[in-house]
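Notes to accompany the following structure.
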Amino acid sequence: MEQEASGGGNMSASTSVLDHLFYAPQCVGWKPSMEGSLFHLASLILLLAFMGGSGIFGCIYIFVLLSIGFICMMIWGLLWSCGVDVVVWNVLLAVVCLIQIAHLLFRLRRESYGKDYDALYETIYQPLQVPLPIFKEIAHCSGMQVHSLNTDQSYALEGKTAIDRLSLLISGRVKVSLDGQFLHYIFPYQFLDSPEWESLRPSEEGTFQVTLTAETDSTYISWPRKKLYLLLAREKYITHLFSALLGFDISQKLYALNDKLFAKFGLRFDIRLPSLYHVLGPSSEPVGDIGPMIDHIQAAPALQNVPASLPHLPAGIRGSQPESGNPGEDSTSLILEDFAELPGSFMDYVSEGEYMK
């Protein structure tokens, strides 16, 4: 009998717990007063938290506001509601949110490569949908170092500097000249030596045929030639990526030469002509009497009187570059437009996920 009584007591106790958890008491009447202002503030903060965006910064925004909202709820439960369960749950939720914030900040710091490399990724590689692990390999191949050039300091001298690296200008402006004759400028997020890089095979060696001089204080990053060749041999995806970027960069330089001649003489040169620089004069000096030269140009079959606008070329390539500014975003958009029109293009290669093979 005693066992039956104890068993009945346990059953009644468990039943009361279940009733307390799953069966709410009937509301006899609404409370005449509203909850404290802290409860409404916490509800508003939680509402704003769930309006956050995606990405790592969006997640940080969400969890920061969630932790603030749960802390406000905890204080409300402690001072107004006077419920232990309300306080405990909100403390636990706030602690979880703070731990998640610390984890996100750690990831953000680990994935940051410095201001210059972050800007490089956002300007060139992110629009091309290059994954961060791939960019990490490219960045580490450069040694994670940013080099500087002072005004009038030379990056390379014609016939003297060996072609042993590939460099990309981050800031500033660099002048390219040959035999003292100005050719064109190099602007931020353009390669400094893309023609030299493409002119040599991996087993060959050579020297610069032009002189590169900084016109303003400039910064750049460099990939050592041997290390980059090893990376390209190992990663097919990076090989396609650099092929696209280098090809577009060289075409920009060629059209810059062509447009300079057109602006000077009113004639558009065939960019395939050898020794094209011989008809270029220093940009700071007056042209002088060019009548005999123009007569020679008009008689040459390889030089053509064509309209300034070439319909088959993007407008950004046909136009001349400004002497200052950052054309990085325009260049990236042109790459996307050009390769979107080609079958089997780099963007198709990206979408097929072949870099994982």
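The figures here come from the full heavy-atom set of this structure, side chains too, leaving out hydrogens, waters and symmetry mates.
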Can you establish whether the number of heavy atoms outside E204 located under 6.0 Å from its atom CD is more than 12?
yes
Main chain of [Y], side chain of [X]: is a donor-acceptor contact present, judged purely on distance under 3.5 Å?
X    : Y    : result
S43  : F39  : yes
Y220 : Y189 : no
S218 : T216 : yes
Q209 : T207 : yes
S243 : H240 : no
K253 : Y185 : no
S67  : V64  : yes

What's the spacing between [X] [atom1] and [Y] [atom2] if we round to 0.5 Å?
X    : Y    : atom1 : atom2 : result
C72  : I45  : SG    : CD1   : 4.5 Å
M51  : I62  : CE    : CD1   : 11.0 Å
H184 : Q190 : NE2   : CD    : 8.5 Å
E122 : F135 : CD    : CZ    : 9.5 Å
W197 : F242 : CH2   : CZ    : 8.0 Å
Y155 : F208 : OH    : CZ    : 4.5 Å

Of the non-hydrogen atoms in S154 and T213, which two are nearest, and what is the gap between them?
OG-OG1, 3.6 Å
Which pair of heavy atoms, one from L231 and one from C141, lies closest together, and at what distance?
CD2-CB, 3.9 Å
Side chains of S171 and T219: any donor to acceptor distance under 3.5 Å?
yes
Under a 4.5 Å cut-off applied to non-hydrogen side-chain atoms, are [X] and [Y] in contact?
X    : Y    : result
L245 : D249 : no
L38  : W80  : yes
L192 : L168 : no
Y117 : I221 : yes

Only pairs under 3.5 Å count here: list side-chain donor-acceptor contacts from residues 146-153, not counting sequence neighbours, and write none if there are none.
unit_1: T151; atom_1: OG1; unit_2: D217; atom_2: N; d: 3.4
unit_1: T151; atom_1: OG1; unit_2: D217; atom_2: OD1; d: 3.0
unit_1: Q153; atom_1: OE1; unit_2: N150; atom_2: N; d: 2.9

List for me each residue that meets side chain to side chain donor-acceptor pair (under 3.5 Å) alongside S222, sequence neighbours excluded, and say none if there are none.
S167
Tell me, please, which residues at least two apart from T239 pass side chain to side chain contact (heavy atoms under 4.5 Å, CB included).
L232
